[in-house]
Amino acid sequence: MVQQSDLKATDSPIIQMRSVSKFFGTFQALNEVSIDIGLGERVVVCGPSGSGKSTLIRCINQLEKHDSGTISIDGTAIDGSKASLNTVHANVGMVFQQFNLFPHLTVLENLTLGPVRAGRLSKTEANDIAIRYLERVRIPEQADKYPAQLSGGQQQRVAIARSLCMEPNIMLFDEPTSALDPEMINEVLDVMVELAESGMTMICVTHEMGFARRVADKMVFMDHGKIVEMSDKEKFFKAPDSERCREFLQQILPH
Amino acid sequence: MIRILLAGSLCLLIAGCSSDWGWYVVNPATKKGMTNLQFLLSGFYFTVLLSVTAIVISVVLGLLVALPGLSSRKGLRRFNRVYVELVRAVPILVMILWVYYGLPQLLGITITVFWAGVIALALSDSAFEAEIFRAGIQSIDKGQYEASHTVALSYTDTMRFIILPQAIRRILPALGNQLVYMLKMSSLVSVIGMQELTRKANELVVTEYRPLEIYTVLLLEYLVLILIVSAGVRWLERRLQTDQRNR
């Protein structure tokens, strides 16, 4: 019995997408996309701009509403209902390219507002947890500063800590290093690698192939709203099936 | 602010030296002048009370009208449009007359001059406040809503803790404008007999026949009031802007 339930927990995917399509007007951003993501799995999504990578992860946490197909998280259908909204709030954290910190709140307030307003934690509990996560992203000393007083890399680490304070099971990263100066990219990637090693389920849209090589369990290449290539990282980097993926990798990998 | 007042006083002093002026009507050194001056100054009470009450109501009303204007539902947006266009089209003086003389007849109620003034000013201003709020809220980056969504904030919490605090900072100069505007427009309520600054001046002119001096005092009264408000708004702006500063 115990074994069976263990089996179920690891085998049934925490995120399941089936033939998901999304249109912006007449532009089809996602075209019949299907993917399963297991608990603890780290997925890196790449592809040219406009290929639907961001839309893919934004549909998972309902920032975009998909037009057809089904998405489920932990068995709950993501359909815009109250139940699906609660599921998203309870399970999914997200980090944006532009950080999207709340500029009028201090770092600590940025971190505690969500958990406190959701009624999950008291103010003091939330503060304790926030400090713990700030330590984990290595900037506890910035707790009382405002976002504008931090560097881009620090801001993005605060954004990661803010998501973690909601204790999510799944973290979505939407090009988290694309808006950063080159010298700040690594401090953010280091935090992400640590997070991956701690067993967090992660879906990362990124072109940082070094990061992908280190942590990815599954590589996804998208083009024109479709998943063109989906394989483990060894195959992906050495011998991808599709010509399009090979070309893309040649262009973005260092010479 | 002190400098502006000094310059103004200096101009008056120079002008006042010519024989055409009769400053005796408001000369605090004489008993009569002092009484007149006190009579004029007593108008501050209702001007301030009326304007402040009206601006508070109009800001709340404006926000309540602005939010439907930002909705994805067409019906709510239409309500916002109709309200703004209708209310904005009514001249304030007409609104005051309509609320004081028309509304009681329509609703079968009696209404005091004070509340007629407050309602008329608040209604008139609310359409402008609504547009200011709409502009302010629309200026907030979409990412702020998305981030709020990812930390499980409800719509109300997102507005209350994230969007409005930022929007209000941005529209503070415009809100300050409206408050100044309100203080000035409150002079119109004198036509229905509100005992505010302008009414007091009008009444004194009737008994003293010294319009130049009395209206000059009136002018200065508004100037002082509005300079105080401006300073207050600027102070508030500075206070709220602390988090935007760079290292």
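All values below were derived from every heavy atom in this structure, side-chain atoms included, with hydrogens, water molecules and symmetry-related copies excluded. Note on naming: letters A, B, ... go to the chains in the order of the sequence lines (proteins, then strands), and numbering restarts at 1 for each one. The structure presented is a predicted model; accordingly, all values stated were derived computationally and were not measured.
Heavy-atom proximity under 4.5 angstrom to chain A picks out B/Glu146, B/Ala147, B/Ser148, B/His149, B/Thr150, B/Val151, B/Ala152, B/Leu153, B/Asp157, B/Arg160, B/Phe161, B/Ile162 from residues 146-164 of chain B. By a heavy-atom distance cut of under 4.5 Å, A/Leu63, A/Leu85, A/Val88, A/His89, A/Val92 are the residues of residues 63-92 of chain A near chain B, going up by number. By a heavy-atom distance cut of under 4.5 Å, not one residue of residues 115-135 of chain B is near chain A. Inspection of non-hydrogen atoms places A/Arg162, A/Met166 of residues 162-175 of chain A under 4.5 Å from chain B.
Residue B/Arg78 places its CZ atom among 12 or fewer non-hydrogen atoms of other residues, nucleotides or ligands, all under 6.0 Å distant. Annotation: B/Tyr45, atom OH; neighbour count of heavy atoms from other residues, nucleotides and ligands within 6.0 Å does not exceed 12. The environment of B/Arg88 atom CZ is dense: over 12 non-hydrogen atoms of other residues, nucleotides or ligands sit within 6.0 angstrom.
Of the two parts of A/Phe96, only the side chain, counted from C-beta on, holds a non-hydrogen atom closer than 4.5 Å to a non-hydrogen atom of chain B. The contact between A/Gln62 and chain B is made by backbone and side chain atoms together, counting heavy-atom distances below 4.5 Å.
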